[in-house]
Participant: 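My questions will all concern the structure given below.
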Amino acid sequence: MAGKTIGVLALQGAFVEHEAALRKCGALVRQVRKPEEIQEVDGLIIPGGESTTIGKLMNKYGLDKVIVDRAAQGMPIWGTCAGMILLAKEIVDSDQLRLGLMDISVKRNGFGRQVESFEADLEVESIGPTRGVFIRAPYGEKAGDGVHIMARFKEKIVMAQQYNLLCTAFHPELTQDLCIHRYFLTMV
Amino acid sequence: MEQKGTFNVKAGLAQMLKGGVIMDVTTPEQAKIAEEAGACAVMALERVPADIRATGGIARMADPSVILRIMESVTIPVMAKCRIGHFVEAQVLESLGIDYIDESEVLTPADDKYHVNKHDFKVPFVCGARNLGEALRRIGEGAAMIRTKGEPGTGNVVEAVRHIRQVNDDIRWISNLPEEELMTAAKELQAPYELVKETARLKRLPVVNFAAGGIATPADAALMMQLGCDGIFVGSGIFKSGDPQQRARAIVAATTYFNDPAVLAEVSRDLGEPMVGIDISTIRPEERMQERGW
């Protein structure tokens with residue numbers, strides 16, 4: 001990862017928290033809001049936020065096409081929560097705008113509305129234990145053969161990887177634990 | 001093993017709303033327009049603040065059926081307002097499954113001394129503030145998100161600007177004090193000492209801080225963002241304007257690209273009539289909503 005720059009998509013949501021976590025890991029970070037800025041980074045985080053808001057802005061300002069192209073060239077992308085929804089090929093009961101890159105079916109607000117939001121201990125494959133903060137969180141219902149499921153909570157898929165693409169239904173950027181950010185940096 | 005309603009989870013939703021626009025809506029149709037325009041949440045109301053101001057009388061929590069219909073119509077978070085100190089209205093809203101409660105000066109206060117003890121609830125609260133002391137008192141009571149009060153229903157941004165500048169001023173002041181002076185600063189601010197210390201260390205409010213109260217144009221939204229707000233509430237400014245759809249979209253774009261005058265110029269074009277607006281000096285002090293809250 002030396003000399004590589006990680007972009008954090010800064011259209012809406014908790015992008016500052018990801019920036020801070022990446023800096024603590026010693027990474028170079030920049031916010032990206034425009035298509036040409038996507039070309040200048042070596043990895044991308046799509047943060048938590050409102051997936052409909054981020055999806056519309058991505059589409060209106062032409063970032064979606066560039067992200068899809070860069071993903072096809074192998075750029076690592078990690079989506080948290082809203083980012084996981086935007087990465088998914090299938091979103092249950094929704095035709096909202098998306099990138100459709102990961103072979104996974106995601107249910108929005110799968111764990112319920114805000115009063116059902118929760119924290120819980122998780123065991124992540126090849127990383128170890130971590131604290132999961134789930135906020136109106138989605139979950140993965142099913143995933144294709146090429147998708148490696150890294151964590152489940154109550155049987156539901158909450159973390160998965162497909163080659164250069166990583167998704168988490170929870171928010172490592174809202175905790176002090178940097179293990180998932182470090183893992184993503186090893187992919188870059 | 002799973003913990004619900006922790007402060008982390010309550011403040012966390014506000015973190016997810018950052019950089020976004022929360023729009024006041026009174027019908028499912030308006031809620032859909034807001035969602036379609038890219039709102040990150042909606043505030044379900046019976047009347048927008050401009051109409052509350054015009055109608056007069058006692059303004060209360062909305063009818064639950066209005067709120068439920070709006071909750072059913074969109075997938076984004078739905079907020080609703082309770083009166084200051086009216087913890088039973090808050091209990092009702094929590095039982096409806098609302099995502100955030102705004103204990104709001106837009107409604108007529110139910111208690112002239114005390115606010116709701118927001119720690120008692122699983123649902124998070126947002127509260128208005130005009131200065132750091134007020135913001136930290138609300139956080140001390142359990143608010144997981146703060147917004148400027150501004151002067152609601154006026155379409156006039158001047159009060160919101162005054163309030164964010166005051167909060168910023170107060171934070172700059174305490175951030176430059178040696179630790180032994182912070183207790184006296186807490187006394188002057190009328191704020192909890194531990195929160196004063198934390199704010200001085202962070203050099204910002206310990207929770208997310210949105211702008212509210214008088215935002216009517218994309219440039220207003222970008223102004224509040226450049227002054228350091230984390231996101232925008234638009235009350236009457238959208239559905240009291242000539243072309244709500246277009247204006248809503250423009251304010252969403254302006255909140256994301258708040259530092260990019262070229263984008264701001266582009267989205268500000270041909271928006272139709274903004275809401276008319278009210279000069280603050282024409283509102284008698286006892287009719288100013290921002291004076292409500294203790």
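Chain letters run A, B, ... following the sequence lines, proteins first and then strands; every chain starts at 1.
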Participant: If you tally heavy-atom pairs under 4.5 Å against chain A, which of B:Asp260, B:Val252, B:Val263, B:Thr256 wins?
Facilitator: B:Thr256

Participant: With ring-ring contact (aromatic ring centres under 6.0 Å, His included) as the test, pick out the partner of A:Phe170 among A:Tyr139, A:Phe111, A:Phe134.
Facilitator: A:Phe134

Participant: Using non-hydrogen atoms only, which part of A:Ala82 is less than 4.5 Å away from chain B: side chain, backbone, both, or neither?
Facilitator: neither

Participant: Is it the side chain or the backbone of A:Arg113 that comes within 4.5 Å of chain B heavy atoms, both, or neither?
Facilitator: both

Participant: Heavy-atom pairs under 4.5 Å with chain B are the metric here; pick the option from A:Ser117, A:Gly48, A:Ala120 that has the most.
Facilitator: A:Ser117

Participant: How many angstroms lie between atom CE of A:Met58 and atom CG of A:Leu9, to the nearest 0.5 angstrom?
Facilitator: 7.0 Å

Participant: Please look at B:Thr255 and chain A and tell me whether the side chain, the backbone, both or neither of the residue comes under 4.5 angstrom of a heavy atom of that chain.
Facilitator: neither

Participant: Side chain from CB out, backbone as N, CA, C, O: work out which of these in B:Ala14 comes under 4.5 Å of a heavy atom of chain A, or both, or neither.
Facilitator: neither

Participant: Just so I understand: if I count every heavy-atom pair under 4.5 Å between each of B:Lys122, B:Glu94, B:Gln3, B:Met71 and chain A, which residue has the most?
Facilitator: B:Gln3

Participant: Rounded to the nearest 0.5 Å, what separation is found between the CG atom of B:Leu271 and the CD1 atom of B:Ile251?
Facilitator: 8.0 Å

Participant: Verify whether the ring centers belonging to A:Tyr61 and B:Tyr257 lie closer than 6.0 Å.
Facilitator: yes

Participant: In terms of heavy-atom pairs under 4.5 Å with chain A, which of B:Ile98, B:Val123, B:Leu13 leads?
Facilitator: B:Leu13

Participant: Counting heavy-atom pairs under 4.5 Å to chain B, which of A:Leu57, A:Val133, A:Thr175 comes out on top?
Facilitator: A:Leu57

Participant: Verify whether the ring centers belonging to A:Phe153 and A:Phe118 lie closer than 6.0 Å.
Facilitator: yes

Participant: Between A:Arg33 and chain B, with a heavy-atom cut-off of 4.5 Å, which part of the residue counts as in contact: side chain, backbone, both or neither?
Facilitator: both

Participant: Under 4.5 Å from any heavy atom of chain B, what part of A:Glu173 do you find: side chain, backbone, both or neither?
Facilitator: side chain

Participant: Carefully, step by step, assess B:Lys81 and B:Glu89 under the rule salt bridge (charged side-chain N to carboxylate O under 4.0 Å, His left out).
Facilitator: CA-CA 9 Å; B:Lys81 290 185 196 290; B:Glu89 284 187 349; over 6 Å; no

Participant: Measure the CZ-CG distance between A:Arg152 and A:Leu122 for me, rounded to the nearest 0.5 Å.
Facilitator: 13.0 Å

Participant: Can a salt bridge be assigned to the pair A:Asp42 and A:Arg70 using a cut-off of 4.0 Å between side-chain N and carboxylate O?
Facilitator: no

Participant: Among A:Arg136, A:Lys56, A:Lys34, single out the residue with the greatest number of heavy-atom pairs under 4.5 Å to chain B.
Facilitator: A:Arg136

